[in-house]
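The structure under discussion appears below in the form of structure tokens.
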Amino acid sequence: MDRRQFLATAPLAGLAATGASVPAFAQSGSAATGQVPAVQRVAIGDVTVTCLNDGSLHIGPDALIGIDAAGYEELMREHFRDPETFPSAVNAFAIQSGDETILVDAGTADAMGPSLGKLPQNLSAAGIDPASVTKLLATHLHPDHVAGALSDGGAMFPNAELVVHETERDFWSDEGNFSGAGEMVQNFAALARNVLSAYGDRIVTFSGEEEVAPGVTSMPLPGHTPGHSGFMVASGDSQLLIWADIVHVTPIQFARPDVAIGFDADPEQAVATRQQILDRVVADRMTVAGSHIGFPGVVNVAAEGDGYRMVPAEWTYTL
Ligand SMILES: [Zn+2]
């Protein structure tokens, strides 16, 4: 899907009017041929992180800034990927820390079409009841991260605080920021406001690096949106940085971190932030988890040439 097609996606255009709701699980194939639940657990010290997939979407070259179709195709082929269909994952992460069940992002519900909206069934497969979620940490308020926080216009997670960067809340709350914006951005903003109002007095904001839950520290990573943030999970000697939308298209942006995406609120700042955090992740040999890195989305990163390469984590055989 290129940017024009993405902009024209009907469910997205209708999103402001309807508010998101959870789609019924469309069963594809028989029990023996349909895909199995997309759930993987990793241990970070005493904390368990459950990687959960919501589906995938294709982000073509027209949606990117700083690379043309030929450059895109070349990098895709170099990584053995099909430039016409390469799926960027949409992931969320549950964190079991002490008595808390914390969810980082909430998927798309029915806001972005049938290739997405699978988080509820994967949460269920992971044994996580939405009512048990104590905190929903929002990396930012784009629909692929928070449309699933709504169910029939109300809160999908009835007992959860919504934790979000105060700049992010303020940015989307101010309708004046979008007066000249196109329909898609208007819809993004309307959805963000719906989410904020559904959680009402259960919204908790942070503004810098703060412990937002036991063992979980916010890390502002501005650019993609003004309050775009990662979350560092740390326990004992282990840590995992959930870096949200630092990379949207893995075969492209690890090799070419200077490539931005049309959805970046500030593409220049997004590129600078990506470069900074990639350097830090390489220097500190950090493990990262990404919203749009192929499921389960957990990788290490090495420097390579003028850019970087990702090294997927091994399957977790024992916890
Ligand atoms: Zn995203």
Side-chain angles (χ1 to χ4, degrees), residues 1-3 5-7 9 11-12 15 20 38 51-60 62-65 86-93 103-113 115-119 122 136-150 162-165 167-168 171-172 184-185 187-189 191-192 195 218-231 241-254 257 259-267 269-271 273-274 277-278 288-299 310:
M1 197 188 305
D2 67 20
R3 183 162 48 191
Q5 289 169 306
F6 193 96
L7 299 181
T9 302
L12 206 57
L15 171 155
C51 308
L52 300 154
N53 179 256
D54 187 63
S56 67
L57 76 169
H58 177 63
I59 300 172
D62 289 357
L64 301 179
I65 302 168
F86 176 78
S88 282
V90 175
N91 302 320
F93 302 92
L103 190 61
V104 179
D105 292 340
T108 60
D110 63 355
M112 294 175 70
S115 70
L116 289 148
K118 297 169 183 165
L119 183 68
N122 285 321
L136 170 60
L137 312 185
T139 60
H140 58 303
L141 297 180
H142 274 166
D144 53 323
H145 298 261
V146 295
L150 294 176
L162 173 64
V163 181
V164 63
H165 196 303
T167 303
E168 188 74 4
F171 174 69
W172 295 105
M184 186 192 70
V185 175
N187 289 342
F188 281 21
L191 184 275
V195 170
S218 56
M219 182 188 287
L221 297 167
H224 181 52
T225 61
H228 177 259
S229 298
F231 296 100
L241 172 62
I242 299 173
W243 74 7
D245 281 25
I246 289 298
V247 167
H248 289 92
V249 189
T250 51
I252 306 298
Q253 289 169 302
F254 277 107
V259 173
I261 188 162
F263 306 114
D264 288 337
D266 182 341
Q269 190 182 27
V271 167
T273 294
R274 178 162 38 256
I277 195 65
L278 278 163
V288 300
S291 303
H292 301 302
I293 296 176
F295 187 77
V298 181
V299 299
M310 68 173 203

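Indexing begins at 1, ligand by ligand and atom by atom, following the structure's order.
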Exercise. Does the gap between the ring centers of H140 and W172 come in under 6.0 Å?
Worked result: no

Exercise. With a 4.5 Å heavy-atom cut-off, do D144 and H292 have their side chains touching?
Worked result: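 Yes, their side chains come closer than 4.5 Å.
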
Exercise. Got T273 and W243 here, is their nearest side-chain heavy-atom distance under 4.5 Å?
Worked result: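 No, too far: nothing below the 4.5 Å cut-off.
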
Exercise. How open is the angle at the Zn ion (ligand 1) from atom NE2 of H292 over to atom NE2 of H145, rounded to 10 degrees?
Worked result: 100°

Problem set entry | D245 and H145 side chains, donor-acceptor separation under 3.5 Å | yes

Problem set entry | Of all N/O/S atoms in D144, the name of the one nearest the Zn ion (ligand 1) |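 Going through the N, O and S atoms of D144 one by one, OD2 ends up nearest to the Zn ion (ligand 1).
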
For this session: Starting from the Zn ion (ligand 1), look over the N/O/S atoms of D245 and name the nearest one.
Result: OD2

